[in-house]
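Basis for what follows: all heavy atoms, side chains included, without hydrogens, waters or symmetry-related copies. Naming convention: chains lettered A, B, ... in sequence-line order (proteins, then strands); numbering from 1 in each chain.
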Amino acid sequence: MIQTVRGTRDILPGDMPLWHRVEDVAREAFRRYGFHEIRTPIFEKTELFARGVGEATDIVHKEMYTFVDRARADSEGESLTLRPENTASVVRAYIQHKIFADKSPGELTKLYYIGPMFRRERPQAGRYRQFYQIGVEVMGSSDDPAIEAEVIEMLDWFLKELKITNTTLLINSVGEPASRAAYLETLREAIRPKLDQLCADCHHRFETNALRVFDCKVESCQAIVKDLPVITDSLDEASRAHFEQFKAHLDARGIAYTINPRMVRGLDYYTRTAFEIIGHDGLGAQNTVVGGGRYDGLSETLGGPPTKGFGFAFGLDRMVMSLPDGEVEGLRAADAPDVFIVFLGEAARQHSFNLARDLRQAGVAVAIEFEDRKMKKAMAAAAKAKARYALIIGDNEVATGKYGLKNLQTGEQESLSLEEIISKLN
RNA sequence: GCGGGUAUAGCUCAGUUGGUUAGAGCGCAAGAUUGUGGCUCUUGAGGCCGAGGGUUCGAGACCCUCUACCCGCCCCA
């Protein structure tokens, strides 16, 4: 049997209402907050991610699906990559189409996207090789922290609307590239004397990304790590002021947060504000549902004009997993037909086809089977489909033009004409 | 890339120290009930017990190899 490849999965019709719910609420949030959709290709030139996301990141150096395109007679095949994230692509599109060109100073470009991303990691709960993200990017000349607070306010509304309540907002500032580099040096100097007391993983982290030692789960490492200097104590003055304003904007909106000076994002392009929302219900060890931050300078890195940027992405898969059980049940039921037609005999069958068409043209969701079954079986099928009504049609009904409309919840049944049925259901 | 676990019906799972025709619940089908669902009862269909090899008189079970999936580490959404 041919199966889905490792880390990919079919999202079956039974779960689709949950995905639609998350997408619908997200689109509604974006409409209210003035975001517009953009769709970029699922694969791009490898160089885009190498430069945009960062050559040294795990994503680029060990998780990308990269392949060489077919060569032409006059050139070698070029290296292409399935997108591991979407920010680099959106910024590329922003530059390529000069989306900034008709904007006045201070005017923002606010975009959102939704679609699959690809990373070649070992799958586990809440982690897939093809996964889905919904994200936004705010680009322009302004880096006002009020922008950041507003985006988080939108997320706050979004989560509440989905009844996902047990979450924590973590915020941090990773500073300007220069101050971050200086801090990293300070940190490494602080770690170096204690290096022999740290675990093997931490030795590796020390070499590649020293900030990561803060995340180590080994107890003996944590004991050392808790006394190390944190980035928020060595921010440049501008970043510190920016962070203070950001927090004030959140306070003014009544949005609760936890400062986590040890939170690091895995992509190179982040500057200053970084944030994360972690969920606590329905998730495995991978409990980050939203990750985002500021990426001033990414445009320049990709050959575009000086641009400030702020955005986030959330994992659709993880968001769906976070939906409370109580919500899930109702969402699944919403997919059911309004009316299930139960017919008896060939004449009624033929009549039912036209009736189904008329109802559908009037906007009613109609289910009909094509096999003439015993009424008891047909009624059971209607109940199984969770139809709101059964429409019963036999020879009598065809003759009189009055059909039996039975409410399957209450069991009440009345005899109605087509017009009466339509007006009742609309 | 590394570690742990699991693999038996469509689904969720039992299956004793190795012993006859491999079971349950749910689901599916038929009937009790010839024009009225959910509840109940009866009956039925549905299995190369993940693959290959080995031990044995005998393997779903024990051993080896492989594969797949799940969970975790790294890292991230």
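Nucleotide B/rA14 is matched to nothing when pairs are restricted to Watson-Crick or G-U wobble geometry with both distances under 3.5 angstrom. The base-pairing partner of B/rC28, taking Watson-Crick or G-U wobble contacts with both distances under 3.5 Å, is B/rG44. Pairing for B/rU67 is with B/rA7, a Watson-Crick or G-U wobble pair whose two hydrogen-bonding atom distances lie under 3.5 Å. When both pairing distances are held under 3.5 Å, B/rG1 makes a Watson-Crick or G-U pair with B/rC73. Taking a pair to require two hydrogen-bonding distances under 3.5 Å in either a Watson-Crick or a G-U wobble arrangement, B/rG60 remains unpaired.
Atom CG in A/L391 sits about 16 Å away from atom P in B/rU36, given to the nearest Å. Rounding to whole angstrom units, OH of residue A/Y270 and P of B/rA77 are separated by 6 Å. For A/I392 and B/rU34, the CD1 to C1' distance is 16 Å, given to the nearest whole Å. Residue A/R122 contributes atom CZ, which lies 11 Å from atom C1' of B/rG4 at whole-angstrom precision. What separates CZ of A/R129 from C1' of B/rG1 is a distance of 11 Å, to the nearest Å. For the pair A/M319 CE and B/rA77 C1', the interatomic distance rounds to 9 Å; values are reported in whole Å. As rounded to whole Å, 14 Å separates atom C1' of B/rU36 from atom CG of A/N396. Between A/L12 atom CG and B/rC11 atom P the separation is 12 Å, expressed in whole Å.
Closest to the side chain of A/D58, from the set B/rU36, B/rG37, B/rC75, is B/rC75. Of the candidates B/rC73, B/rU36, B/rG35, the closest approach to any side-chain atom of A/A285 belongs to B/rC73. For A/K406, the listed nucleotide lying nearest its side chain is B/rG37; candidates were B/rC2, B/rG37, B/rA77. The side chain of A/L267 approaches B/rA77 more closely than any other nucleotide in the set B/rC71, B/rU36, B/rA77. Counting only heavy atoms from C-beta on, A/R373 has its side chain closest to B/rA29 among B/rG3, B/rA68, B/rA29. Side chain of A/T288, nearest nucleotide from B/rG72, B/rA77, B/rU36: B/rA77. Of the candidate nucleotides B/rG37, B/rG72, B/rG35, B/rG37 has the atom lying nearest to any side-chain atom of A/A380. Here B/rU36 is the nucleotide among B/rG31, B/rU36, B/rA77 with the atom lying nearest to any side-chain atom of A/M379.
A/D317 comes within contact range of no nucleotide atom at all, as no heavy-atom separation falls under 4.0 Å. Contact annotation for A/G284: backbone-only contact, meaning every heavy-atom pair under 4.0 Å involves sugar-phosphate atoms and none involves a base. Using a 4.0 Å heavy-atom criterion, one finds that A/V342 contacts no nucleic acid atom at all. Within the 4.0 angstrom heavy-atom criterion, only backbone atoms of the sugar-phosphate kind lie near A/E63; the bases stay farther away. Counting non-hydrogen atoms under 4.0 angstrom, A/L316 reaches nothing in the nucleic acid. A/N86 comes within contact range of no nucleotide atom at all, as no heavy-atom separation falls under 4.0 Å. Here A/A382 lies out of heavy-atom contact (under 4.0 Å) with every strand. At the heavy-atom level, A/Y132 lies nowhere under 4.0 Å from the strands shown. Counting non-hydrogen atoms under 4.0 angstrom, A/E397 reaches a base of the nucleic acid. Residue contacts shown for A/G404 are absent, as no nucleic acid heavy atom lies under 4.0 Å away.
Aromatic pair A/F158/A/F314: ring centres closer than 6.0 Å. The aromatic ring centroids of A/Y112 and A/F35 lie 6.0 Å or more from each other.
Here, B/rG25 and B/rA68 have their C1' atoms 27 Å apart, quoted to the whole Å. Using P as the reference atom, B/rC41 and B/rG46 are 24 Å apart when rounded to the nearest Å. The separation of B/rU43 from B/rC26, taken at their P atoms, amounts to 14 Å, rounded to a whole angstrom. With both ends at atom C1', the span from B/rA59 to B/rU16 equals 15 Å, rounded to whole Å. B/rU21 and B/rG58: their C1' atoms are spaced 16 Å apart (whole Å). On the C1' atoms, B/rU8 is 22 Å away from B/rG4, given to the nearest whole Å. Using C1' as the reference atom, B/rC57 and B/rA45 are 35 Å apart when rounded to the nearest Å. Using P as the reference atom, B/rC13 and B/rG50 are 15 Å apart when rounded to the nearest Å.
In this structure, A/E153 pairs ionically with A/R253, as a charged nitrogen and a carboxylate oxygen lie closer than 4.0 Å. A salt bridge links A/R294 with A/E148; the closest basic N to acidic carboxylate O contact falls under 4.0 Å. The residues A/E44 and A/R83 are annotated as not salt-bridged, no charged nitrogen and carboxylate oxygen being separated by less than 4.0 angstrom. In this structure, A/D236 does not pair ionically with A/R180, as no charged nitrogen and carboxylate oxygen lie closer than 4.0 Å. A salt bridge between A/E121 and A/K62 is absent, with no side-chain N of the basic residue lying under 4.0 Å from a carboxylate O of the acidic one. A salt bridge links A/E37 to A/R39: one of the charged nitrogens lies within less than 4.0 Å of a carboxylate oxygen. Using a 4.0 Å cut-off between charged side-chain N and carboxylate O, A/D338 and A/R388 make a salt bridge.
Checked by distance alone, A/E121 brings a side-chain donor or acceptor within 3.5 Å of a matching partner on the base of B/rA77.
Using a 3.5 Å distance cut-off with no hydrogens or angles, the side chains of A/S173 and A/H242 do not pair a donor with an acceptor.
Remark: A/R6 is in phosphate contact with B/rC69, judged by side-chain N or O atoms under 4.0 Å from OP1 or OP2. When the side-chain nitrogen and oxygen atoms of A/Q409 are compared with OP1 and OP2 of B/rG37, none of them lie within a distance under 4.0 Å. At B/rG31, one or more side-chain N or O atoms of A/K374 fall inside 4.0 Å of OP1 or OP2 (strictly under the cut-off). Considering only side-chain N and O atoms, A/Q124 lies nowhere under 4.0 angstrom from the phosphate OP1 or OP2 of B/rC70. A close approach under 4.0 Å does occur between a side-chain nitrogen or oxygen of A/K376 and OP1 or OP2 of B/rG37. For A/K384, a side-chain nitrogen or oxygen approaches OP1 or OP2 of B/rC28 to under 4.0 Å. Between A/R205 and B/rC75, a side-chain N or O to OP1/OP2 separation shorter than 4.0 Å is present.
Both A/L344 and A/L283 lie near RNA chain B, and the one whose nearest nucleotide falls closer to the 5' end is A/L344. When each of A/Y128 and A/K62 is assigned the nucleotide of RNA chain B bearing its nearest heavy atom, the one mapping closer to the 5' terminus is A/K62.
Judged by ring centres under 5.5 Å apart and planes tilted less than 30 degrees, A/F314 fails to stack against the six-membered base ring of B/rA77.
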